[in-house]
Amino acid sequence: MGVMADPGQLLGEEFLKRPVLEVAPELLGCYLCRELDGKILRWRITEVEAYDGPEDKACHAHKGRTGRTEVMFGPAGHWYVYFCYGIHWLLNIVTGPEDYPAAVLIRGAGEISGPARLTKALSITGELNRRMAVPECGLWIEAGEILDRAHILTTPRIGVDYAGPDWSRRPYRFLLRES
DNA sequence: GGGAGGATGGAT
DNA sequence: TCCATCCTCCCA
């Protein structure tokens with residue numbers, strides 16, 4: 001068994017510091033929580049992708065430690081938010097042990113499908129980069145019900161062909177079958 | 001200091 | 001299929 005997390009419980013470092021391929025599918029059904037204008041939104045996570053360490057050619061950290069990727073080398077449970085294609089913000093949660101760069105890209109939650117649309121809908125920008133995922137910063141994750149593996153669909157990741165077939169074809173994308 | 005490229009999405 | 005539009009990284 002992995003780390004126990006009761007529904008509604010804040011997902012912290014203990015839960016997230018495990019290997020990213022273990023954590024990523026378990027984030028499905030959990031709640032992405034955002035406080036905006038004094039109100040708290042809790043959106044069920046429906047789609048994620050795993051980015052797994054220096055060997056993973058699709059992972060930003062595979063070229064080493066840089067200013068941008070530094071946060072992925074840090075302790076689990078921090079946000080990695082980066083700017084893409086000159087327009088979009090993309091949201092990741094850092095996972096795995098310290099000094100091992102890995103993160104989960106959150107691609108869908110609630111009724112929103114698409115990583116850039118999600119950040120836009122929740123007003124998430126680079127201001128949250130490197131912040132710890134706790135209520136104090138206005139963005140955190142709470143545990144959901146444990147899902148049966150049969151509810152989870154697994155596919156290759158989106159938009160990472162540049163990483164070459166060995167990596168782009170790996171089944172590192174997880175989504176709820178019902179979504 | 002310059003240039004290339006990118007974990008997307010919306011319009012054509 | 002095109003492209004908006006800019007941050008980061010690498011190289012000079």
Side-chain angles (χ1 to χ4, degrees), chain A residues 11 16-30 32 34 41 43-97 99-133 137 139-141 152-177 179:
Chain A
L11 289 191
L16 297 165
K17 73 181 183 183
R18 294 172 296 142
V20 67
L21 290 173
E22 194 174 314
V23 173
E26 291 184 19
L27 286 176
L28 296 176
C30 291
L32 181 63
R34 178 72 164 133
L41 300 169
W43 288 1
R44 197 161 190 248
I45 296 173
T46 58
E47 181 182 345
V48 297
E49 282 178 0
Y51 288 84
D52 188 18
E55 304 297 312
D56 182 353
K57 289 184 179 171
C59 180
H60 289 165
H62 93 276
K63 287 181 180 174
R65 208 184 269 251
T66 65
R68 180 207 211 184
T69 61
E70 179 66 28
V71 63
M72 277 202 277
F73 289 82
H78 291 248
W79 296 115
Y80 169 40
V81 185
Y82 75 94
F83 201 64
C84 189
Y85 296 117
I87 302 182
H88 308 297
W89 291 101
L90 272 63
L91 176 68
N92 301 250
I93 186 74
V94 174
T95 67
D99 291 324
Y100 184 87
V104 175
L105 170 66
I106 301 179
R107 297 184 54 90
E111 301 302 311
I112 307 293
S113 180
R117 298 174 71 185
L118 179 65
T119 55
K120 186 177 180 185
L122 291 176
S123 298
I124 292 165
T125 69
E127 291 176 25
L128 284 157
N129 191 29
R130 299 169 176 262
R131 302 292 295 275
M132 203 176 351
C137 79
L139 185 67
W140 68 101
I141 303 174
I152 299 175
L153 205 60
T154 302
T155 81
R157 293 171 292 187
I158 304 297
V160 296
D161 286 348
Y162 66 86
D166 287 355
W167 288 97
S168 67
R169 291 176 188 166
R170 293 199 182 203
Y172 285 5
R173 174 172 175 243
F174 307 94
L175 54 161
L176 288 182
R177 206 175 269 281
S179 64

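Values reported hereafter were calculated over all heavy atoms of this structure, with side chains retained and with hydrogens, waters and symmetry mates removed. Letters go in sequence order (proteins before strands), and every chain restarts at 1.
- Atom CG in Leu118(A) sits about 14 Å away from atom C1' in dA7(B), given to the nearest Å.
- For the 3.5 Å distance criterion, the side chains of Tyr172(A) and Asp56(A) fail to qualify, holding no donor opposite an acceptor.
- Counting to the nearest Å, the C1' atom of dG9(B) and the CG atom of Leu90(A) are 11 Å from each other.
- As a whole-Å value, the separation of Ile124(A) CD1 from dT8(B) C1' is 16 Å.
- At a threshold of 4.0 angstrom between heavy atoms, the contacts of Ala116(A) are confined to the sugar-phosphate backbone, with no base atom among them.
- In this structure, Arg107(A) reaches the dT8(B) phosphate: one of its side-chain N or O atoms is under 4.0 Å from OP1 or OP2.
- Each of Arg68(A) and Gly86(A) was assigned the nucleotide of DNA chain C with the nearest heavy atom; the assignment lying further toward the 5' end belongs to Gly86(A).
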CA sep, side-chain torsions, deciding dist, call: His88(A), Phe83(A), ring pair (Phe, Tyr, Trp, His ring centres under 6.0 Å): CA-CA 6 Å; His88(A) 308 297; Phe83(A) 201 64; 8.0 Å; no

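- For dA7(B), the OP1/OP2 oxygens have a side-chain nitrogen or oxygen of Tyr162(A) closer than 4.0 Å.
- Atom NZ of Lys57(A) is separated from atom C1' of dG5(B) by 17 Å (rounded to the nearest Å).
- No donor-acceptor contact under 3.5 angstrom links the side chains of Tyr51(A) and His62(A), judged on distance only.
- In this structure, Ile106(A) places its CD1 atom 17 Å from C1' of dT8(B), rounding to the nearest Å.
- The distance between atom CG of Asp52(A) and atom C1' of dA7(B), rounded to the nearest whole Å, is 15 Å.
- Separating the CD1 atom of Ile112(A) from the C1' atom of dT8(B) is a distance of 15 Å, rounded to the nearest angstrom.
- Aromatic stacking of Tyr85(A) on dT8(B): satisfied, with centres closer than 5.5 Å and planes within an angle under 30 degrees.
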Structure string for DNA chain B in dot-bracket form, Watson-Crick and G-U at under 3.5 Å, | interchain: ||||||.||||.

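- Taken from CD1 in Ile106(A) to CD1 in Ile45(A), the straight-line distance is 4.5 Å, to the nearest 0.5 Å.
- For Arg18(A) and Glu26(A), the salt-bridge test passes: some basic side-chain N is under 4.0 Å from an acidic carboxylate O.
- Centre separation under 5.5 Å together with a plane angle under 30° holds for the ring of Tyr51(A) and the six-membered base ring of dA7(B), marking them as stacked.
- Of the candidates Arg117(A), Arg173(A), Arg177(A), Arg173(A) is the only one forming a salt bridge (Lys or Arg N to Asp or Glu O under 4.0 Å) with Glu47(A).
- Of the listed nucleotides (dG10(B), dA4(C), dC9(C)), dA4(C) has the atom at the smallest distance from the side chain of Ile87(A).
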Steps toward side-chain hydrogen bond (donor to acceptor under 3.5 Å, both in side chains) verdict (Tyr82(A), Asn92(A)): CA-CA 8 Å; Tyr82(A) 75 94; Asn92(A) 301 250; 5.4 Å; no

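- One can place CZ of Arg169(A) at 19 Å from P of dA7(B), the figure rounded to the nearest angstrom.
- Comment: Asp161(A) does not engage Arg169(A) in a salt bridge, judged by the lack of any side-chain N to carboxylate O separation of less than 4.0 angstrom.
- Among the nucleotides dC6(C), dT8(B), dG10(B), the one closest to the side chain of Phe83(A) is dC6(C).
- Candidate nucleotides dT8(C), dA7(B), dG9(B) were compared by shortest atom distance to the side chain of His88(A), and dG9(B) ranks first.
- Phosphate proximity of dT8(C) to His60(A): absent, as no side-chain N or O sits under 4.0 Å from OP1 or OP2.
- Heavy atoms of Arg157(A) sit nowhere under 4.0 angstrom from any nucleic acid atom.
- Among the heavy atoms of the strands, none lies under 4.0 Å from Gly126(A).
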